[in-house]
Amino acid sequence: MNYKEFFPYFANSKTIYLDSGATSQKPKAVIDELDNYYLKNCASVHRSSFGDANVVTRGYENTRKLLGEFIGGATKEEIIFTKGATESLNLLATSFGFDIKTIIISSLEHHSNIVPWHMQGRTIGAGLEVVECGKNLEFDYEHLEELLKKNPKSLVSLTHISNAFGVMHDIKRISKIVHKYDSWLCVDGAQSLAHIKVDVKDLACDFFIISAHKTFGPTGLGAIYIKKELLEKMKPYQGGGASIASVSYEKSVFLPSPYKFEAGTPNIAAVLAFSKSLEFLQKISFSKIEKIENKLYAYLYKSLEKIEGIIMYNDANAFGARSFNIEGISHDDIGILLDKQQIAVRVGHHCCMPIMEKLGIKGTIRVSLSFYNDKDDIDKFIKALKKALSMLKG
Ligand code: PLP
């Protein structure tokens, strides 16, 4: 099966696209739905009561329902739309994390799970702790337990799959440790939802972060799953229209979740179109997606291993990304020469500067594949990489 057929980008571009970790390509059904909204049903949600407004309100709430089911049966009030994983993490930081004494993160966090904590004046040892990782970038479970023993009632916020290295954290194991110490767990699923089956109940997390544009949906959209029990005690993150039951000059009374967290006019077209990504993924099934991607990453690893001077930072198990460097050659120079050959990879620190610093590097070359890639893409990439290396070494 050639899945590229479902993505118009591939018919319009000769680029070998290996940057799905930055943003995924969009299926035709998603693009059509965006068009549909602007061409046929352009109206606001949750406000007016005429025909098109009702159609889009129903569509908007239907995506919420679908997304809840997609992540393992979350209810509508537990799904809050945001403008991306970054905003979801900021909502968490402001509405929940602010009152928590200690925030514990992993060594592999994206800046969006570091900067919001700095903005609260937290630094290492002063409200923020970081779990160490081993030589293979593996999570140090004992260190987490040590930190939690000293700091019960903490918020542990960590990535499911590292965007920079493709390392997957064992969330079920982590969640057992976290809850033993009366703490809460937020899983940043920005890089996992497009690659593996997610079930928030099975993972036993309290929060789950979603990025639509990395999950074959439109840009400018994300979501956060918040476990029902926590919704009441969380304050709204922003205030404005659509989030309130009543307003006087004396006070504002907020609606229940999800509306109290969704002030202002949302990205309606993106929400409507995201339902098409979810339906598309459900049709293909994650068992198929995981099988395709596992094979591709194994093939990529084997092909890279043969390159002289290759440095990889973790073992053959990679999900959604594989990072490497070549001894003595700048990743930026390699990136430029790959681009000249129409190979799209990301080079740099991947918004993960602290782990780069720990590894003593400025950045890496990152290949991030999706199920629409194939062996031919990897062969073309390896050929272009060899050419770039021969030019840079020569
Ligand atoms: N978290 C991780 C692990 C990411 O990789 C990214 C983006 O690369 C984000 C959060 C931010 O996602 P968004 O672009 O949806 O704000």
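Here the structure is a predicted model, which means the values were calculated and not measured. Scope of the values below: all heavy atoms of this structure, side chains included, with no hydrogens, waters or symmetry mates. When a ligand or atom number is given, it counts from 1 through the structure's own listing order.
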Checklist entry - ring-ring contact (aromatic ring centres under 6.0 Å, His included) with Phe319: which residues, sequence neighbours excluded? => result none

Item to check | Sorted by chain and number, the residues that approach ligand 1 to under 4.0 Å with a heavy atom | outcome: Gly84, Ala85, Thr86, His110, Ser112, Thr159, Asn163, Asp188, Ala190, Gln191, Ser211, His213, Lys214

Checklist entry - Counting only heavy atoms not in Glu308, do more than 12 fall under 6.0 Å of its CD? => result no

Checklist entry - Of all residues at least two apart in sequence or in a different chain, which pass the ring-ring contact (aromatic ring centres under 6.0 Å, His included) check with Phe261? => result none

Item to check | Plane angle bin for Phe371 and Phe216 - parallel if under 30°, tilted between 30 and 60°, otherwise perpendicular | outcome: perpendicular

Item to check | For the student: nearest non-hydrogen atoms of Ile80 and Leu91, plus distance | outcome: CG2-CD1, 4.2 Å

Checklist entry - Taking only residues two or more places apart in sequence or in another chain, which ones pass ring-ring contact (aromatic ring centres under 6.0 Å, His included) with Phe139? => result Tyr141, His169

